[in-house]
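This report refers to the structure that appears directly beneath it.
Note on naming: letters A, B, ... go to the chains in the order of the sequence lines (proteins, then strands), and numbering restarts at 1 for each one.
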There are 2 protein chains.
Amino acid sequence: MENLTLLFKEKNLKLTPQRYAIYKYLKSTKSHPSAEMIYDNLKANYPTMSLATIYKTLKTLIELGVVIELNVGEDNFRYDANTSQHPHIICLSCGRVDDIENADFNFLDDEAKKYTDYKIDTHQLYFYGICPECQKKSE
Amino acid sequence: MENLTLLFKEKNLKLTPQRYAIYKYLKSTKSHPSAEMIYDNLKANYPTMSLATIYKTLKTLIELGVVIELNVGEDNFRYDANTSQHPHIICLSCGRVDDIENADFNFLDDEAKKYTDYKIDTHQLYFYGICPECQKKSE
DNA sequence: TATTTGTAGATAATAATTTTCTTTTAATAG
DNA sequence: CTATTAAAAGAAAATTATTATCTACAAATA
Ligand SMILES: [Mn+2]
Ligand SMILES: [Mn+2]
Ligand SMILES: [Zn+2]
Ligand SMILES: [Zn+2]
């Protein structure tokens, strides 16, 4: 969090209240929100905040490597301030997106290297299923 | 291919030349084309084909379970008539999308079950890297 | 405190996908 | 081989997430 100041300074970027709020919100939540969801959550405290600012800030944070973009198959992107390599699981019923925690899938890149001539950088792993809450509902 | 006729009949769907052409093209290629790419490939033989027809047909084929939609992180979707569970690899330089063949990643669903209370259905695994052609170019 | 340069926010633009509506066509029965 | 009917094609408009543009503002620094 404190190193964010340094990171911004390095790149001659200004750490504005809006940018800080967006990053802080992303750090605080495990909900993997979309741009719109971030907007809805911040507009109480930042009534003049524009969606364009959200999008521009997210792009900046991604370039800085402190936020990643998730493609869960919806019509929009989701964002995550947890930049460690970790898989996600999406509920096919309610759309929530959760982390899969404590699992180590880092070996996947090496495993894949055995079967391709690509130079592999990274991967994204998405599981799809039904979350515990939705399982209860459908009983 | 022949069972497509049956499948359509079962659901009271009409197997039109357009639908057949779209499916056949997807079966014939390993390029994982987008809707637009399919459109460009078919319009020589089907000059009246509309992009809306492509989109509607793709949706139908997905519902039938004979085509899957890929989310590689671009601004559009890609489509694949290979519905077996297999990972993909995307070139960060030229954008091509390839299969990772002969690798068996089916154990992933079971592995993930150990770390979540979701009921897991399926997964999507995307690797990102540099394809052999692009590696040569940058030498 | 003045100057510079990057950014916020409003708005318009873009582009993929979906919807709507009318005409056409595939399937089927007579 | 027609006639009938429900489904689909195609054209066009609508929708929606995201991006670009532009001007007023504010953070950094000298
Ligand atoms: Mn996450
Ligand atoms: Mn494939
Ligand atoms: Zn759920
Ligand atoms: Zn390439």
Side-chain angles (χ1 to χ4, degrees), chain A residues 4-25 32-40 42-64 67-79 95 97, chain B residues 2 4-25 32-64 67-79 95 97:
Chain A
L4 201 65
T5 316
L6 268 89
L7 200 56
F8 271 70
K9 196 167 283 178
E10 267 175 28
K11 308 277 178 178
N12 286 326
L13 296 170
K14 289 178 183 168
L15 188 47
T16 62
Q18 292 88 341
R19 286 174 166 182
Y20 187 69
I22 291 167
Y23 181 71
K24 208 174 55 165
Y25 175 59
H32 305 89
S34 66
E36 188 103 28
M37 291 158 81
I38 297 169
Y39 178 66
D40 289 339
L42 295 185
K43 72 179 165 197
N45 287 22
Y46 297 82
T48 72
M49 173 92 69
S50 157
L51 245 184
T53 300
I54 307 265
Y55 278 110
K56 282 183 286 194
T57 298
L58 287 169
K59 216 173 185 180
T60 304
L61 294 171
I62 289 166
E63 274 166 19
L64 288 175
V67 162
I68 57 175
E69 198 172 54
L70 305 180
N71 243 274
V72 301
E74 290 176 319
D75 45 8
N76 54 31
F77 290 102
R78 301 274 200 138
Y79 299 89
V97 179
Chain B
E2 311 315 314
L4 201 65
T5 316
L6 268 89
L7 200 55
F8 271 70
K9 196 168 285 178
E10 267 176 28
K11 309 274 178 181
N12 287 324
L13 295 170
K14 291 178 181 169
L15 189 46
T16 62
Q18 292 89 341
R19 284 175 165 181
Y20 187 70
I22 291 166
Y23 181 70
K24 208 174 55 168
Y25 174 59
H32 306 89
S34 65
E36 188 103 28
M37 292 159 81
I38 297 170
Y39 178 67
D40 289 339
N41 263 281
L42 295 184
K43 71 179 166 198
N45 287 25
Y46 297 83
T48 73
M49 174 90 72
S50 156
L51 245 184
T53 299
I54 307 262
Y55 279 110
K56 283 183 283 195
T57 298
L58 288 170
K59 216 173 183 180
T60 303
L61 293 171
I62 289 166
E63 273 166 20
L64 288 174
V67 162
I68 56 175
E69 197 173 55
L70 305 180
N71 247 277
V72 301
E74 291 177 316
D75 46 7
N76 54 30
F77 290 102
R78 302 276 199 136
Y79 300 89
V97 179

Completion exercise
Sorted by chain and residue number, the side chain to side chain contact (heavy atoms under 4.5 Å, CB included) partners of Leu64(B) (sequence neighbours excluded) come out as Leu7(B), Phe8(B), Lys11(B), Leu13(B), Thr60(B), Val66(B)
Practice task
Calculate the interatomic distance between Leu61(B) atom CG and dA8(D) atom P; express it in whole Å.
Solution key: 11 Å
Handout entry: Whole-Å distance separating the OH atom of Tyr39(B) from the C1' atom of dA16(C)
Key = 14 Å
Problem - Leu42(B) CG to dG10(D) P, straight-line distance once rounded to whole Å - result: 11 Å
Completion exercise
Whole-Å distance, Lys59(B) NZ to dA9(D) P, equals 14 Å
Completion exercise
To the nearest angstrom, the CG-P distance between Leu58(B) and dT19(C) comes to 15 Å
Handout entry: Whole-Å distance separating the CG atom of Leu51(B) from the P atom of dA15(C)
Key = 14 Å
Problem - Donor-acceptor contact present, side-chain Arg78(B) to main-chain His32(B), <3.5 Å - result: yes
Problem - Protein-nucleotide distance (Leu4(A), atom CG; dA27(D), atom P), rounded to Å - result: 16 Å
Exercise for the section: May I ask you to evaluate whether Tyr55(B) reaches the phosphate of dT17(C), defined as a side-chain N or O under 4.0 Å from OP1 or OP2? Expected result: yes
Give every pair of a protein N or O atom and an N or O atom of nucleotides 6-13 of chain C that lie under 3.5 Å apart, one pair per line with the distance.
{"unit_1": "dT7(C)", "atom_1": "OP1", "unit_2": "Lys14(A)", "atom_2": "N", "d": "3.1"}
{"unit_1": "dT7(C)", "atom_1": "OP1", "unit_2": "Arg19(A)", "atom_2": "NH1", "d": "2.4"}
{"unit_1": "dT7(C)", "atom_1": "OP1", "unit_2": "Arg19(A)", "atom_2": "NH2", "d": "3.0"}
{"unit_1": "dT7(C)", "atom_1": "O5'", "unit_2": "Arg19(A)", "atom_2": "NH2", "d": "3.4"}
{"unit_1": "dA8(C)", "atom_1": "OP1", "unit_2": "Thr16(A)", "atom_2": "OG1", "d": "2.7"}
{"unit_1": "dA8(C)", "atom_1": "O3'", "unit_2": "Gln18(A)", "atom_2": "NE2", "d": "2.8"}
{"unit_1": "dG9(C)", "atom_1": "OP1", "unit_2": "Gln18(A)", "atom_2": "NE2", "d": "3.3"}
{"unit_1": "dG9(C)", "atom_1": "OP1", "unit_2": "Thr48(A)", "atom_2": "O", "d": "3.4"}
{"unit_1": "dG9(C)", "atom_1": "OP1", "unit_2": "Thr48(A)", "atom_2": "OG1", "d": "2.4"}
{"unit_1": "dG9(C)", "atom_1": "O5'", "unit_2": "Thr48(A)", "atom_2": "O", "d": "3.0"}
{"unit_1": "dG9(C)", "atom_1": "N7", "unit_2": "Lys56(A)", "atom_2": "NZ", "d": "3.4"}
{"unit_1": "dG9(C)", "atom_1": "O6", "unit_2": "Lys56(A)", "atom_2": "NZ", "d": "2.8"}

Problem - Atom-pair distance (CD on Glu10(B); P on dA27(C)), nearest Å - result: 15 Å
Problem - Side-chain heavy-atom pair Ile22(A), Val67(A) within 4.5 angstrom cut-off - result: no
Practice task
Could you list by number each residue of residues 67-77 of chain B showing a heavy-atom separation from DNA chain C of less than 4.0 Å, or answer none if no residue does?
Solution key: Asp75(B), Asn76(B), Phe77(B)
